[in-house]
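As structure tokens, the structure follows; a few thoughts come after it.
These values consider heavy atoms only, across backbone and side chains, with no hydrogens, waters or symmetry-generated copies. Keep in mind that this is a model prediction, so the values were computed, not measured. Sequence lines set the chain letters: A, B, ... in the order given, protein chains first and strands last, and positions in each chain run from 1.
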Amino acid sequence: MNQETTEESNEESYILVWLTGIVFLVAMAAIFLFVPTEQTEGPVQRIMYIHIPSAWLSFFAFFIVFICSILFLWKKEREWDIYAHASAEIGVIFCSLVLITGPIWAKPIWGTWWVWDARLTSTLILWLIYVAYLMLRAQTEAGSMRARYAAVLGIVGFLNIPFIHFSVLWWRTFHPQPKVISSEGFGKGMETSMLVTLGISLCAFTLLYFLLMGQRIRQEKLKDEIDRLKREQLYSS
Amino acid sequence: MNLYLNQIAAIVWKDFVTELKTRELLSAMFIFALLVILIFIFSINLSIVKASEVGPGILWVAFLFAGTIGLNRSFMLEKENGCLMGLMLVPADRTAIYFGKLISNLIFLSIMELFILPLFMIFFNIDLLSHLGPLLVVVFLGTLGFCALGTLLSSLSSNLKTREIMLPILLYPLLIPIIIGAVRMTGQILDGTELFDMMKWIGLTASFDIIYIGVSIMTIDHILEE
Amino acid sequence: MDNFGFLFAANAFVWGGIIYYVYTLKQRSRELERDLELLKETLNRESR
Amino acid sequence: MESLENAIEVRHLRKAFGTLKAVDGIDFELKQGEFLTVFGPNGAGKTTLIKILSGLTQPSSGTAKVAGFDVAEGHPEMRKEIGVISHSTALYADLTPLENLMFFARMHGLEQPEDKALKVIGEVGLSPRRNDRVRTFSRGMLQRLSIARAILHDPAILFLDEPFTGLDLHAANVLKEHLQRLHDSSRTILMTTHDISCGLEMCDKVALQVQGKFAFLENISDVDKDRFESMYFDAVRDNQFAMGISL
């Protein structure tokens, strides 16, 4: 509506696009040129630099869903509903990528596509929760009911994560822990060059998240605007 | 406070009177649970696997599926004729409605489970009687978690067009911790483990129950709004 | 250590996925913008 | 008792979500014992108005005071003062009228729920069938029973949302009689309806709601019935035209 602000935000989004692009190029260079090949796992270990950032991005996105859901139930403003929706969608997409790259990494290392590893299993459950969230959104009419229900599910779903984590961890405790992402946290037994590369890649994915969020939010607002104009047109005629 | 408890009691009483007249819910849940167990018996070879190893899982799958039917049915009663709206118009706190439905769901499920357990004992040739105390504790903890979350989500899904499908899709992923915990604990009890030796599982399920009852109290206002 | 294929597959999925998502986003945005312009035009014409 | 003089007081009431506006700036007040009929086409936001006033949903902005309570606070005490009748009966189909009303009496925290239930069942003339299942009842009987449910706790304010929908002539007459009796016992009544003759017959004030706003609000003595009718049909036609395009 306001010409000036849209132009300003356009400029900002261009900066973000370029920044994201450049950081991604740097990350690519680091992953494929700079970082040395891991001794035992070979080149396939380079999957880590996209696998972990994807996982980080989806967890972060789900966390944002949680925060926005709380804010929505508190303030009842459509804004927060849009943010939660956009974040959930992006989260599910990157969660899917984690679930795809996980088995591809597991096959050459552990010899099977899928092991009921605690982390992979938790991710699968998380994916199911947020796919259900999106299904709930898709099946209800736009309006305050959909927003409220989705917000409740966004809160309930995120609070489930610690339970999933512990139950799945205790459920299967005997399988081999992957060496690079050991349960003691990132970095144990990792070289500095690997950590740096991972860091750059994490940055790139985080920037990508904000870029996608911006697009997705803008889209929802456009949709709202179209709805408003349609109604206006109907009543004015 | 007295009125609050009275209202909860009234909801439970109403569900019981309805059930005594129609006899639809308990019989449906019981038969369904029985069928689930039978299908599992046919689909696994009990001469290869040990009954006490697969038994707990089958038992809980039966409880879970039958319980879902119960939840769906329980909120369909409230949606028919707009009764839920009627409930929201009485001077009752929304949490009283939640607790009323939670308790009646819990009681119906528990009755169904009490009928299923002896059959389970016979079919799988497992001695439950010697571990009855701990077993009931575990069954109660699991069922409470199921009902706490299930009541919240079925009150939500009852307003959807596709409620029968959406309830399990929403509910099951969230229930996985409870399922894992309950199956593990039941298995360990059948192996003769004492309750004290599985405190971490009991802690997990108990805190699941408490947290989800708490979350439901905080969010039910937003679900029970027209 | 001949597992370049897996590395390639994983990368293909991730980049393919991201690019496809961005593409659909753009497509959808463009559609919405076109709808919006159309609506604004008709509204303007009517009010005149 | 100062606050009770205005049984309902609505100021700049709005209910909107995103770009959807169901109620868009309504102002009115209703003294104790007054009867307001709100006419309006489908989708004008009449039901939403009643839902806000009876505490079923929250307003986005503005205030509404019902029996001295702010509806936004959602105080359960407020619901002791109101009774709602809508096209959904809010009765459990597998229970008998007596059980239904005893249940609602207990939910209202009334003393001697059984006596109260029997009394109102008598008032709506359903005593002979008090022990039959509600499922077997006709639409007219259901509506009578839902009147009984709504007046069970002797509310000072009644909301009726399209009470005549789906009633045959006889049942509609019975409902009108009841409404007249309730009105005579100085209850505040707010009713929404499509039915112009039924609606104009009993009320003290008339409102016309279109697109979430009150296009018209007058005392019945100032209303020219013929002019009102043509105005109403203009509103309905415009609205249907608008809805037709959107579908």
Side-chain angles (χ1 to χ4, degrees), chain A residues 62 66 69-76 80-81 84 88 92 95 116 118 121-141 143-173, chain B residues 57 142 145 148-153 155-163 165-185 187-188 198-226:
Chain A
F62 296 149
F66 175 61
S69 299
I70 291 177
L71 284 169
F72 175 79
L73 288 186
W74 184 22
K75 305 262 188 196
K76 292 277 165 82
W80 298 115
D81 183 42
V92 166
C95 204
W116 290 100
T121 312
S122 307
T123 312
L124 178 64
I125 299 168
L126 212 58
W127 184 83
L128 284 168
I129 291 176
Y130 285 91
V131 166
Y133 175 95
L134 291 180
M135 282 177 77
L136 175 73
R137 294 201 73 108
Q139 299 208 348
T140 11
E141 304 275 315
S144 109
M145 189 183 94
R146 179 176 80 179
R148 280 183 281 116
Y149 287 5
V152 169
L153 197 62
I155 293 170
V156 170
F158 193 79
L159 289 178
N160 212 268
I161 292 179
F163 291 110
I164 294 174
H165 176 78
F166 285 112
S167 62
V168 170
L169 201 66
W170 297 337
W171 172 55
R172 287 279 164 101
T173 43
Chain B
L149 201 53
T151 307
L152 181 78
L153 291 182
S155 67
L156 186 154
S157 69
S158 67
N159 285 318
L160 307 176
K161 284 169 290 184
T162 48
R163 57 180 85 99
I165 311 163
M166 276 315 277
L167 179 63
I169 289 180
L170 296 173
L171 187 58
Y172 289 175
L174 296 167
L175 279 179
I176 285 174
I178 275 281
I179 299 297
I180 295 178
V183 172
R184 262 300 134 94
M185 284 193 286
Q188 285 177 352
M198 41 187 181
M199 262 348 246
K200 65 176 183 183
W201 283 116
I202 289 180
L204 183 94
T205 22
S207 46
F208 186 99
D209 297 354
I210 292 166
I211 283 191
Y212 278 106
I213 289 176
V215 170
S216 304
I217 291 171
M218 284 188 275
T219 55
I220 195 77
D221 272 10
H222 302 289
I223 291 179
L224 294 181
E225 188 183 324
E226 290 277 307

*Against chain B, work out which of A:Leu159, A:Val156, A:Ile164, A:Ile125 has the most heavy-atom pairs shorter than 4.5 Å and name it.*
A:Val156
*With only heavy atoms counted, which part of B:Leu204 is less than 4.5 Å from chain A, the side chain, the backbone, both or neither?*
both
*Which atoms of B:Leu149 approach chain A - backbone, side chain, both or neither, heavy atom under 4.5 Å*: side chain
*To the nearest 0.5 Å, what is the distance between CD (B:Glu225) and OH (A:Tyr149)?*
9.0 Å
*Side chain from CB out, backbone as N, CA, C, O: work out which of these in B:Ser207 comes under 4.5 Å of a heavy atom of chain A, or both, or neither.*
both
*asked:* Any heavy-atom pair between the side chains of A:Leu73 and A:Ile155 that's under 4.5 Å?
replied: yes
_Is B:Ile169 in contact with chain A via its backbone, its side chain, both, or neither, using a 4.5 Å heavy-atom distance?_
both
*asked:* Using heavy-atom distances under 4.5 Å, tell me whether B:Ile178 contacts chain A through its side chain, its backbone, both, or neither.
replied: neither
*Contact check, side chains of A:Arg146 and A:Arg137, non-hydrogen atoms, under 4.5 Å*: yes
*If we only count heavy atoms from C-beta on, is the A:Trp171 to A:Trp116 side-chain gap below 4.5 Å?*
yes
*Does the side chain of A:Lys76 come within less than 4.5 Å of A:Arg148's, by heavy atoms?*
yes
*Can you say whether B:Ile179 sits under 4.5 Å from chain A via the side chain, the backbone, both, or neither, judging by heavy atoms?*
neither
*Taking all non-hydrogen atoms of both residues, which atom of B:Pro173 and which atom of A:Ile129 are closest, and how far apart?*
CB-CG1, 3.5 Å
*With side chains defined as the heavy atoms from C-beta onward, is the minimum distance between A:Phe158 and A:Tyr130 less than 4.5 Å?*
yes
_Which atoms of B:Asp221 approach chain A - backbone, side chain, both or neither, heavy atom under 4.5 Å_ = neither
*With only heavy atoms counted, which part of B:Leu156 is less than 4.5 Å from chain A, the side chain, the backbone, both or neither?*
both
*In Å, rounded to the nearest 0.5 Å, how long is the span from CG of B:Leu224 to OG of B:Ser155?*
5.5 Å
*Would you find a donor on one side and an acceptor on the other, under 3.5 Å apart, between the side chain of B:Tyr212 and the backbone of B:Gly150?*
no
*For chain A, the option from B:Val215, B:Val183, B:Ile211 that forms the most heavy-atom pairs under 4.5 Å*: B:Ile211
_Need one label for B:Tyr172: side chain, backbone, both or neither, based on atoms under 4.5 Å from any heavy atom in chain A._
neither
_Engaged part of A:Met135 at the chain B interface, taking heavy atoms whose separation is under 4.5 Å_ = both
*asked:* Please rank A:Val152, A:Leu128, A:Leu153, A:Leu124 by heavy-atom pairs under 4.5 Å with chain B and give me the top one.
replied: A:Val152
